[in-house]
Amino acid sequence: MRAVVIEAPGKINATTVDDPEPGPREVVVAVSGVGICGTDLHVLDGHLEGSEYPIVPGHEFAGTVAAVGSAVTELAVGDRVAVDPNLYCGECHYCRIGRGNLCERYNAMGVIRTPGATAEYCAVPVGNCYPVPEGVPLEHAPLIEPLSCAVHGFDLLPGRLGEHYLVYGAGTMGLMMAQLARFSGAASVSVVDVNAGRLPTAAALAADRTAVSADELDRPEGWEVVIDCTGAVPAIEDGLTRVRKGGTFQVFGVAPEQAAASFSPFRVYKDEITVVGSMAVLHSFGRAVELMARNVIDAEVMISHTFGLDEYADAVDRFRRGDGRKLQIRP
């Protein structure tokens, strides 16, 4: 089969590899689409702790079951599935207390050690497969994985109705978080992005106000919830200053491992600011499937460009430039 392989940090190759065979409790998925996200760039650039090379990237994906293992009864050839790419050991302290996303042996398809889905076919555990509901186009289903990350992010927020939200970044995750905030009963949703070309989409989908700087939004009292979806240190440092007293700041975007941000510990203490991280997916994939089926996310608008396997390098370059919204490879 054809696949994209990251041979080493910075080295991409679209090539031919062996077709996967399903283990007893695995299925092989014929990949219909796989999204590109910032984590893929961290893997490509060698900036993600634990990534092993060579590796087939791609962790946001869906497709049709093409083969089933000998002990699989839950799925059949032809079933449409979205796949949770996270793989936990099930034995460590964090797995035992229900915090699998913090697993001491954490693995993820296309990210750490197991081949991902930027390929014609991908072998996956049957337990990681979720049927795609009727009415959800298969080309939209790869968005379920990033949506499940956003749902987990919301699990860690206060969840109070009628609060004001500020989201940094109008890429895929920023747009998803803004839409979830609107769906969850926010009093207002504001979105900031230094790329002004992204702001009209944010306004069309969920944002009451948009700007290239929070200074333009004229809210001196701040916001109850501020979410950084960029992973950029300047955005994180600015966002921490925008949190209202008693409010919450969420580090949602993935910063480089060695990045460091400055903040005022005194203000965090004095104003009782809560700072919370959000890592991947935790008990949220199934709920993301349900939300996708309810059209809580405008998937048609979210996907802006599609590419073939041999165009992966071009897609990555476009992603780095901030062109478009969700970029999708369709093998």
- [ ] With salt bridge (charged side-chain N to carboxylate O under 4.0 Å, His left out) as the test, would you mind laying out the steps for Arg242 and Asp238 before giving the verdict?
- [x] CA-CA 7 Å; Arg242 310 291 179 172; Asp238 186 68; 2.9 Å; yes

Open item on the list: With a 4.5 Å cut-off on side-chain heavy-atom distances among I, L, V, M, F, W and Y, is there a chain of contacts connecting Phe61 to Phe307?
Closed with: yes

Open item on the list: Between Val191 and Ile236, is there shared hydrophobic-cluster membership here, with clusters defined by ILVMFWY side-chain heavy atoms closer than 4.5 Å?
Closed with: no

Open item on the list: I'd like to know if Glu224 and Lys245 make a salt bridge, using a cut-off of under 4.0 Å between side-chain N and carboxylate O.
Closed with: no

TODO: Kindly check if the number of other-residue, nucleotide or ligand heavy atoms within 6.0 Å of CZ (Arg267) is above 12?
DONE: yes

Open item on the list: Between Arg2 and Glu120 (salt bridge meaning N to carboxylate O under 4.0 Å), is one present in this structure?
Closed with: no

Task: Under 3.5 Å donor-acceptor, Asp84 side chain and Asn86 backbone - done: yes

- [ ] Examine distances only and state if a side-chain atom of Tyr168 and a backbone atom of Ala232 form a donor-acceptor pair shorter than 3.5 Å.
- [x] no

- [ ] Answer yes or no: are there more than 12 heavy-atom neighbours, outside Asp317 itself, under 6.0 Å from its atom CG?
- [x] yes

Open item on the list: According to side-chain hydrogen bond (donor to acceptor under 3.5 Å, both in side chains), does anything in residues 282-299 pair up with another residue at least two apart or in another chain? List the pairs.
Closed with: Asp155-Arg287

Task: Polar side chain donor-acceptor pair, Asp208 to Ser188, under 3.5 angstrom - done: no

Open item on the list: Between Gln179 (side chain only) and Leu205 (backbone N and O only), is there a donor and an acceptor less than 3.5 Å apart?
Closed with: no

Task: Non-hydrogen atoms of Arg325 and Leu175 that approach each other most closely - done: CD-CD1, 4.1 Å

- [ ] Return the orientation label for the Phe154 and Tyr165 ring planes: parallel under 30°, perpendicular over 60°, tilted otherwise.
- [x] parallel

- [ ] Any chance you could pull the hydrophobic cluster mates of Val17, using side-chain heavy atoms under 4.5 angstrom and chaining through other members?
- [x] Met1, Val5, Val28, Val56, Tyr121

Open item on the list: Under 6.0 Å between ring centres: does that hold for Tyr130 and Phe285?
Closed with: yes

Open item on the list: Using every non-hydrogen atom in the two residues, find where Glu237 and Thr241 come nearest and quote the distance to one decimal.
Closed with: O-CG2, 3.4 Å

Task: Stepwise salt bridge (charged side-chain N to carboxylate O under 4.0 Å, His left out) check, Glu74 with Arg25 - done: CA-CA 10 Å; Glu74 299 90 335; Arg25 291 289 293 162; 2.8 Å; yes

TODO: State whether the side chain of Lys326 and the backbone N or O of Ile36 hold a donor-acceptor pair below 3.5 Å, judged by distance alone.
DONE: yes

TODO: Only pairs at least two apart or in different chains count here, so list each ring-ring contact (aromatic ring centres under 6.0 Å, His included) that has a residue in residues 76-118.
DONE: none

Open item on the list: Could you tell me if Asp193 and Asn195 have a donor-acceptor pair between their side chains, going purely by distance under 3.5 Å?
Closed with: no

Task: side chain to side chain donor-acceptor pair (under 3.5 Å) between Glu300 and His140, intermediate numbers included - done: CA-CA 7 Å; Glu300 193 66 35; His140 292 174; 3.0 Å; yes

TODO: Find out if a path of hydrophobic residues (ILVMFWY) with successive side-chain heavy-atom gaps under 4.5 Å connects Met177 to Leu199.
DONE: no

- [ ] Without swapping roles, check the side chain of Arg330 against the backbone of Gly308 for a donor-acceptor pair under 3.5 Å.
- [x] no

TODO: Using a cut-off of 6.0 Å, state whether more than 12 heavy atoms not belonging to Glu49 lie near its atom CD.
DONE: no

